[in-house]
Amino acid sequence: MLNRTGDSPEEFGRRIGLSGMTIRRWLRKPEGFRIPRIYLPAMREACLALVAEGRLDPSLPEVQSLLFSASPSAGYRAALRNLGLGENFTQGRPVSRDQILSGLLQIGAQMPKQTDVEGHASEVSAFKKLGDEWSSRITTLWNIVRSRKLDLPDKFIAYGALFYLLTPVDFIPDNIPFFGLIDDFAILGLAASYYTRKSAGDS
């Protein structure tokens with residue numbers, strides 16, 4: 001993290017409650033040295049904060065490894081934090097369609113998430129190559145986001161779904177072959193069907 005952010009050991013030490021001297025001592029240890037596990041939760045929190053600040057790329061293997069190494073619940077909490085959701089999405093409990101849509105609404109209502117989606121149009125469009133159904137769902141949501149007829153709040157669910165697609169720190173890490181995209185595909189479908197039903201109800 002120090003190499004990626006350019007933080008000094010003192011700056012990073014303050015984030016995790018240690019002195020810069022301790023961090024410097026760790027840096028002098030031989031390759032293969034493992035940081036004591038007691039400090040990993042604080043390091044995970046620091047990692048999430050740096051990702052949220054836009055100073056650390058969440059798709060880096062070392063970042064993914066740190067965020068998802070401890071336990072499934074740690075990865076779940078990391079996803080909640082990254083997506084800007086509250087702890088009411090409790091792991092292990094069935095989540096209804098309305099709860100998922102409510103979560104997407106919360107994600108899409110965050111201005112930084114909207115900006116991320118707008119600034120990564122080509123990355124979003126690249127997922128269309130995964131198949132016709134991917135292309136259809138993404139096109140539907142892009143049309144919503146770009147619509148001049150809809151007010152911004154009406155676009156929040158579309159923004160939320162597209163941000164979920166973009167971020168690698170979600171409920172099934174995207175670096176897991178095949179399975180890592182199952183949740184993304186389902187979220188896109190749920191959001192697209194929400195707008196399709198809404199449109200049918202309005203007509």
Side-chain angles (χ1 to χ4, degrees), residues 1-93 95 99 102-121 123-124 156 159-176 180 183-184 187:
M1 280 192 268
L2 289 174
N3 289 339
R4 297 286 185 179
T5 63
D7 279 355
S8 70
E10 286 72 25
E11 289 169 319
F12 186 69
R14 278 193 292 276
R15 285 184 180 272
I16 64 172
L18 288 172
S19 70
M21 189 184 310
T22 300
I23 306 294
R24 289 182 192 283
R25 235 189 336 260
W26 286 352
L27 291 171
R28 287 194 297 269
K29 295 282 187 184
E31 192 172 332
F33 164 74
R34 297 182 76 79
I35 293 168
R37 292 188 67 79
I38 193 169
Y39 299 113
L40 288 180
M43 291 189 73
R44 227 172 262 114
E45 286 295 314
C47 184
L48 279 169
L50 289 164
V51 166
E53 292 166 17
R55 298 183 57 221
L56 198 58
D57 181 353
S59 66
L60 293 169
E62 58 266 40
V63 172
Q64 295 257 318
S65 173
L66 178 61
L67 292 180
F68 293 97
S69 62
S71 66
S73 63
Y76 189 88
R77 286 194 305 275
L80 286 178
R81 284 276 306 278
N82 178 55
L83 296 169
L85 297 174
E87 295 289 336
N88 56 327
F89 286 82
T90 307
Q91 188 177 17
R93 291 186 187 173
V95 180
Q99 282 178 296
S102 171
L104 293 176
L105 189 70
Q106 289 177 51
I107 295 165
Q110 301 169 56
M111 185 70 74
K113 310 292 197 230
Q114 295 168 23
T115 304
D116 264 357
V117 169
E118 298 283 359
H120 294 87
E123 286 94 326
V124 170
F156 286 166
Y159 271 117
L162 293 173
F163 179 82
Y164 191 92
L165 175 65
L166 277 174
T167 182
V169 183
D170 56 23
F171 295 112
I172 304 178
D174 292 346
N175 61 357
I176 299 174
D183 57 330
D184 302 80
I187 290 288

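Here the structure is a predicted model, which is why all the values come from computation and not from measurement.
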Legend entry - Gap separating the CD atom of E118 from the CE atom of M111, nearest 0.5 angstrom: 10.5 Å
Inset, instruction - Mind listing the closest non-hydrogen atom pair of K113 and I107 along with its distance? - result: CG-O, 3.4 Å
Inset, instruction - Using a 4.5 Å cut-off on heavy atoms from C-beta on, say whether the side chain of V124 contacts that of L166. - result: yes
Legend entry - Any donor-acceptor N or O pair under 3.5 Å, side chains Y159, Q110: no
Inset, instruction - Using a 4.5 Å cut-off on heavy atoms from C-beta on, say whether the side chain of Q114 contacts that of F156. - result: yes
Legend entry - Minimum heavy-atom distance M1-M43, with the two atoms named: CE-O, 3.8 Å
Inset, instruction - Kindly indicate, with the supporting measurements, whether the criterion side-chain contact (heavy atoms from CB on, under 4.5 Å) is fulfilled by F33 and I35. - result: CA-CA 7 Å; F33 164 74; I35 293 168; 4.0 Å; yes
Legend entry - Qualifying residues under salt bridge (Lys or Arg N to Asp or Glu O under 4.0 Å), relative to D116, sequence neighbours excluded: none
Inset, instruction - Considering non-hydrogen atoms only, spot the tightest contact between A46 and R15 and give its length. - result: CB-CB, 4.1 Å
Inset, instruction - Could you grab the distance from atom CG of L104 to atom CG of L162, nearest 0.5 Å is fine? - result: 10.0 Å
Inset, instruction - For residues L18 and W26, determine if any side-chain heavy atom of one lies less than 4.5 Å from a side-chain heavy atom of the other. - result: yes
Legend entry - Nearest-0.5 Å distance, CG of residue L2 to CD1 of residue I23: 7.0 Å
